[in-house]
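In what follows, every heavy atom counts, from backbone to side chain, and hydrogens, waters and symmetry copies are set aside.
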Amino acid sequence: MSNVGVSANRLEIMQIAKAVAEEKAIDRAIVIEAMQEAIEKAAKSRYGQEHDIRAIIDHETGEQSLWRIQTVVDPEEIEDPAQQISLADAKKIDASLELGDEIKEELPPFDFGRVAAQTAKQVIMQKVRDAERQRQFDEYKDREGEIINGIVKRVEYGHVIVDLGRAEGIIRRNDGIPRENFQPNDRVRAYLYKVSREIKGPQIFLSRAHPDFMVKLFAAEVPEVYEGVIEIRSCARDAGSRAKIGVISNDSSIDPVGACVGMRGARVQAVVGELSGEKIDIIPWNYDDATFIVNALQPAEVSKVVLDEDEHRVEVVVADEQFPLAIGRRGQNVRLASQLTGWQIDLVTESDDSERYQIDFQRRTELFMTALDADETLAQLLASEGFEAVEDIAYIGAEDFMQIEGFDEEVAEEIQERAREYLEKLAAEQNAKRLELGVEDGVMELDGMSPGFAVKLGENDVKTVEDVAGLVPDDLTGWRENNKEGKPVWQEGILKKGEMRKDDAQLFIMKARVIAGWIEPEALEQLEAEMAAEAASEEQTDLTEEERALLALGELGKATSDDSETPAEDSIDVSDEDILAELEGLDLDEDLLMEGGDDAAEPQ
């Protein structure tokens, strides 16, 4: 039986540590520490597990030493005599020792038995393996979001195992491009999107179907994208079939679509070739959501767009013959457009939209005939002028009413008087019903409350201010909830969809909580301030190009007047009227097109 001694050749130990460190690409100190731990474990099995034994290997010379450590403690605090010694006994060994000091006793070299040698080997291998896994994790964790090159090692059940050199990555079946087959030793490029720490080592997840893989490929092929002159704001992919990307240029002299396409399509074709022939639509990104949605649905032509910002949904009306083109094969075009823009898109044909309008028009006509005791012709005229409810007629300015053809002051006053009488009668009926339902008068004192609103609250068993305070905004406005098939379905709240915005519902409930004494008024004031700031920010971002130009000119004039109170002799006095006159005569859209602005870019 061969024995391994703790006094093994020092040079041989250092050579082994160096070889293992280079092979596993880890620090040599980690290997030496693993050897120390293995020797300590073997020594404890020889001298007893209760002892505190420490092995030390000099990192430069390889010299080894083995020590037993005891800590000096108060006699009453001794818990483990093998690792602790009283102060009195310690003074017999060395009079200079104090509480907390350590006594080191050097142990003689010993021979490893077969079992001890095998145990030491396992300890060293485990330590080295852990260090190697940590090195792999640290190396690739910082490379998330990069394109990685590797060689296919094997394919297992559709999952591609990729040799990355010092580690292995995996392209799972759903992260690969459909109908793309790899063979061992094939070179492959993929996007590193996740590195997770697992018991068996770090798992490196690669993808060729990830949208950011296409973005990185364009950054490699298009210098303007790499330098940040052109930004790819969004990307949507149906891997292996079709993709859409939204691009915008930070330099008005550079066409973002043309730059991504390249001369004779060279740049985009390089990306298409890497993605196994995946077709790519390059869409000009726009700050205006409606314009961007219209662009994203190309090649279909859009007739009308209606945005619902609360629900982040958009209704798009297209001609009947354009409907199949807008949907795309198996809904691909509208699905990719929805992913690209971040809006839920509902497609409607012009015939369906017209039919829906006719139904709504007939409903409003019948409402006005009943409420105003008017004939069908007058009711249809009011409906065609855009009046949605009797309240719109009752409280509109008389001068606005008289702008309708055929209406004079007498007719306007008569119609408005009838509308007010109808609303008063309706309010009395609803107030009686409110009392019948048991809705307290305190509820009626809330801001924005009406008899009709109170009736709806009563029908949903909300009868006191405390009941209102206990609501959440979704209870009033409604919400979307996934059905059994996983599709979002609208759930009606106390109010019909669109009758109240979520922000207004939140403010309404917060006011009720203040009255109920649940919160302090300062919390309501803070919420109102936050909402006002958010509304101001949205108004700023919703400015058109003409409004931005007017704002810029106004700020420029203000800055000039601040710099000097008296104008210089060569300065020109430009009034607001002059600025407006110049803007009205300026075709900003055409000028933007001449400069190569975003609106000029046509999707390829």
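At least one donor-acceptor pair closer than 3.5 Å links the side chain of Asp320 to the backbone N or O of Ser351. One N or O on the side chain of His312 and one on the backbone of Gly342 form a donor-acceptor pair closer than 3.5 Å. Looking at Glu388, its side chain never comes within 3.5 Å of a backbone N or O of Arg364 through a donor-acceptor pair. Using a distance-only test at 3.5 Å, with no hydrogens or angles considered, no donor-acceptor pair links the side chain of Thr477 to the main chain of Arg501. No side-chain donor-acceptor contact under 3.5 Å links Arg172 to the backbone of Phe205. A donor-acceptor pair is defined here as one N or O able to donate and one able to accept, closer than 3.5 Å; no such pair exists between the side chain of Thr291 and the backbone of Asn286. In terms of modelled atom types and a separation under 3.5 Å, the side chain of Arg173 and the main chain of His159 share no donor-acceptor contact. Here the side chain of Gln430 pairs a donor or acceptor atom with the backbone of Gly452 at under 3.5 angstrom. With hydrogens and angles ignored, the 3.5 Å screen pairs no side-chain donor or acceptor of Asp251 with any backbone N or O of Val229. A donor-acceptor pair under 3.5 Å links the side-chain atoms of Thr341 to the main chain of Ala337, judged by distance alone.
Looking at Tyr191 and Asp175, their side chains never bring a donor and an acceptor atom within 3.5 Å of each other. Donor-acceptor pairing under 3.5 Å is lacking for the side chains of Gln362 and Gln358.
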Stepwise salt bridge (Lys or Arg N to Asp or Glu O under 4.0 Å) test for Lys496 and Glu492: CA-CA 7 Å; Lys496 291 184 179 180; Glu492 285 288 350; over 6 Å; no

Test log, rule side-chain contact (heavy atoms from CB on, under 4.5 Å), inputs Asp474 and Lys502: CA-CA 7 Å; Asp474 284 350; Lys502 283 193 181 295; 2.3 Å; yes

Check against side-chain contact (heavy atoms from CB on, under 4.5 Å), Asp212 and Tyr193: CA-CA 9 Å; Asp212 286 341; Tyr193 69 93; over 6 Å; no

Thr464/Asp467 under side chain to side chain donor-acceptor pair (under 3.5 Å): CA gap, chis, key distance, verdict: CA-CA 5 Å; Thr464 66; Asp467 292 341; 3.2 Å; yes

Thr365 vs Glu376, side chain to side chain donor-acceptor pair (under 3.5 Å): CA-CA, chis, key distance, verdict: CA-CA 7 Å; Thr365 300; Glu376 185 175 3; over 6 Å; no

Worked verdict on Asp308 versus Lys497 for side-chain contact (heavy atoms from CB on, under 4.5 Å): CA-CA 11 Å; Asp308 182 356; Lys497 184 179 179 182; 3.8 Å; yes

Check against side chain to side chain donor-acceptor pair (under 3.5 Å), Glu522 and Gln526: CA-CA 6 Å; Glu522 289 76 11; Gln526 182 180 355; over 6 Å; no

Asp441/Arg434 under salt bridge (Lys or Arg N to Asp or Glu O under 4.0 Å): CA gap, chis, key distance, verdict: CA-CA 9 Å; Asp441 293 338; Arg434 170 187 72 84; 3.1 Å; yes

Stepwise salt bridge (Lys or Arg N to Asp or Glu O under 4.0 Å) test for Glu146 and Arg143: CA-CA 6 Å; Glu146 295 182 8; Arg143 299 185 65 183; 3.2 Å; yes

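With a 4.5 Å cut-off on side-chain heavy atoms, Leu471 and Val462 count as touching. The side-chain heavy atoms of Val455 and Leu437, taken from C-beta on, include a pair separated by under 4.5 Å. In this structure, the side chains of Met510 and Trp518 stay at 4.5 Å or more apart for every pair of heavy atoms. Side-chain contact between Arg313 and Asp346 is present, with heavy atoms from C-beta onward closer than 4.5 Å. Using a 4.5 Å heavy-atom cutoff, the side chains of Met500 and Phe453 are in contact. Here the side chains of Glu528 and Leu507 are in contact, with some heavy-atom distance below 4.5 Å. Leu372 is listed as a side-chain neighbour of Ile415, based on a closest heavy-atom distance under 4.5 Å. Residues Val316 and Lys304 fail the side-chain proximity criterion, which asks for heavy atoms closer than 4.5 Å.
The nearest pair of heavy atoms linking Cys260 to Val247 is SG-CG1, 4.1 Å. The two residues Val318 and Ala326 have their closest heavy-atom pair at CG1-CB, 4.4 Å. Closest non-hydrogen pair, Phe361 versus Ala383, comes out as CE1-CB, 3.5 Å.
In this structure, the separation between CG on Asn250 and CD on Glu227 is 12.0 Å, given to the nearest 0.5 Å. Separating the CD1 atom in Ile204 from the CD1 atom in Ile148 is a distance of 8.0 Å, to the nearest 0.5 Å. Between the OH atom in Tyr357 and the CD atom in Glu350 there is a gap of 15.0 Å [rounded to 0.5 Å]. Residue Ser207 holds its OG atom at 7.5 Å from CD1 of Ile171, rounded to the nearest 0.5 Å. Summarising the geometry, atom CD1 belonging to Ile245 is positioned 6.5 Å from atom SG belonging to Cys235; distances are rounded to the nearest 0.5 Å. Remark: Leu297 CG to Lys244 NZ distance equals 7.0 Å, nearest 0.5 Å.
Under the 4.0 Å criterion applied to side-chain N and carboxylate O atoms, Lys456 and Glu459 are not assigned as salt-bridge partners. Using a cutoff of 4.0 Å between basic side-chain nitrogens and carboxylate oxygens, Glu144 and Lys141 are scored as salt-bridged. Contact check on Arg208 versus Glu278 returns no salt bridge, with no Lys/Arg side-chain nitrogen under 4.0 Å from an Asp/Glu carboxylate oxygen. Ionic pairing of Lys511 and Asp447 is present here: one or more N-O contacts between side-chain nitrogen and carboxylate oxygen are shorter than 4.0 angstrom. Using a 4.0 Å cut-off between charged nitrogen and carboxylate oxygen, Asp238 and Arg330 do not count as a salt-bridge pair. By the 4.0 Å N-to-carboxylate-O rule, Arg420 lies too far from Glu424 to be salt-bridged with it.
No more than 12 heavy atoms of other residues, nucleotides or ligands shown are found within 6.0 angstrom of CD on Glu301.
Each of Asp360, Asp353, Asp352 was evaluated against Arg356; a single residue qualifies, Asp353, per the salt bridge (charged side-chain N to carboxylate O under 4.0 Å, His left out) test.
No close placement of the Phe218 and Phe213 rings is indicated, their centers lying 6.0 Å or farther apart.
For the pair Arg233 and Trp285, the cation-pi criterion (under 6.0 Å, within 45° of the ring axis) is fulfilled.
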